[in-house]
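Here is the structure we will look at.
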There are 2 protein chains.
Amino acid sequence: MKDREQSKATGHTQRGQRAKRISILDAAAQVFCREGFSGASIDEIAVEASVSRQTIYNHYREKETLFTAVVEDIMDRANATLFSILSTFPDKPDHLEDDLTAFAIRFTKNCLCNQDGKFLRKLVQSEGERYPHLFATWRQHGPGKIGAALGALFARLSHKGALKIDDFDLAARQFLALITADLQMITLFGGTPTDEELERAARNAVQTFLRAYAGQIGETVSRAPELAIIS
Amino acid sequence: MKDREQSKATGHTQRGQRAKRISILDAAAQVFCREGFSGASIDEIAVEASVSRQTIYNHYREKETLFTAVVEDIMDRANATLFSILSTFPDKPDHLEDDLTAFAIRFTKNCLCNQDGKFLRKLVQSEGERYPHLFATWRQHGPGKIGAALGALFARLSHKGALKIDDFDLAARQFLALITADLQMITLFGGTPTDEELERAARNAVQTFLRAYAGQIGETVSRAPELAIIS
DNA sequence: TCAAAACTAGACACCATTGTCTAAAACGTC
DNA sequence: GACGTTTTAGACAATGGTGTCTAGTTTTGA
């Protein structure tokens, strides 16, 4: 878990109780992700966390408690990073293709390439039905809000004349679908796309997206000065 | 497993050994899909198949053998139905939007809505890394070939002037990504999209796809008569 | 420096599961 | 109807996992 090791390195070695908790959560995430809930054993997690089994039971009463704690923890982190990426969505119509492509790369890189993303994909898929509540709230606070936010961002872009979109939320969903289209087959088998693959996938996606949703940029731009002069 | 019940109903009740094998495979698919490999117990499968545990061990030496047999069985079936759907891909430029939409509905319905599709999504995701060989061959014979075949079909359509496509395989992948865009959130949690949802998702996807890849249909169509008269 | 809190290692009971083995029953075929 | 095959139910050892307990050790913070 990159994020965590960082905070361990920068901060003053998160000593004591708190360090253990984090160490356990990270190890548990790895093992749950690798083995699934029933395949994961507490002993395995304890070893990976360099902690005694009893310590795990002290912090998290039972296996299931630990699991939900891990899932919630990762969901929080994933949402936070995703929203921070959303805030880098381009808002100027110039260089739209390049800006959108760069945004798409940032998005896929953080969504598909890191441990948290992989974990969520696997765990939602394999344990989602067994924990309806847990994943339903995630669905609301995560993908739901992100879809809406991205829709609003496309709306902003559309109002500036850079795009011609009827249904903003739909456009957002299609954008997301397109930028992951070429990467699914890679991530499905646990692989991590290379930077080139990310780049090419994003570029292809954005080109198609823009062809589908391009406003008459030429017209709008060339007519705008006239209108400005008249008014 | 719908397909199987059918063959049981039509055929002469597949008696004896063969009937048991099928019954076991179907039950195992259900349980593996619900519980994952390590969560599934042979006893559970035996009960669901109305068969004694020993019979399972007679047919499939051990749990792992059973698992791979189930996976291979389902992959074969899924590939077969998918290719049969591919053969219904539209080849006339008229009514392209409607024809493509109908095709998309057929595709998603058989890909996302039936048991086999759900099984493959879950199992590839959760056990893919543990059985690299098993799933690598599927990847070749399944998605790989289907992507290529769909690319060729788009090429045919493109050569007839109905579409303007540079990279046919890319267009195929983007088509697939678009038609599943709105359904992912539903299927991810084990749900099955309604017919309305399928219809709307397909229509939205095809509209966007055509906007991105439409040849100058208006031009082509209106100019064609002139050319015909001259020649 | 000292006491409380947290951690460790190991033993433990308990339970579920896998895979084998048996003897009896059901089945299919000639 | 008799014979060989398949299926069944159940007992069985072996294994590995969960969660508890205890007694001893380390860490923390005042």
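Predicted model, so just to flag it, every value in this text is computed and none were measured. Within every chain, numbering begins at 1; the chains are lettered A, B, ... in the order of the sequence lines, protein sequences first and strands thereafter.
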In whole angstrom, what separates B:Y60's OH from C:dT18's C1'?
18 Å
Full working for salt bridge (Lys or Arg N to Asp or Glu O under 4.0 Å) between A:E199 and A:R203
CA-CA 6 Å; A:E199 159 102 25; A:R203 193 154 292 284; 3.5 Å; yes
Taking side chain as C-beta onward, heavy atoms only, is B:L25 less than 4.5 Å from B:Y60?
yes
When the distance from CD1 of B:I45 to C1' of C:dA16 is rounded to whole Å, what number comes out?
15 Å
Can a side chain N or O of B:H59 be found less than 4.0 Å away from OP1 or OP2 on D:dT7?
yes
Under a plain distance cut-off of 3.5 Å, with no hydrogens placed, do A:Q54 and A:N58 share a side-chain donor-acceptor pair?
yes
For A:R156 against A:D91, the heavy-atom pair lying closest together
NH2-CB, 2.8 Å
A correct 5'-to-3' footprint of nucleotides 8-17 of chain D, with B, S and - meaning base, sugar-phosphate only and no protein heavy atom under 4.0 Å, is B--B-----S
Value in whole Å for how far the C1' atom of D:dT22 lies from OH of A:Y57:
17 Å
One pair to check against salt bridge (Lys or Arg N to Asp or Glu O under 4.0 Å): B:R77 and B:D73. What are the steps and the verdict?
CA-CA 6 Å; B:R77 270 217 306 282; B:D73 180 56; 3.1 Å; yes
Between A:F209 and A:F175, how do the two ring planes meet: parallel, tilted or perpendicular, split at 30° and 60°?
perpendicular
Interatomic distance, A:E64 CD vs D:dT18 P [rounded to whole Å]:
12 Å
Whole Å only: how far is the CZ atom of A:R18 from the C1' atom of D:dG29?
18 Å
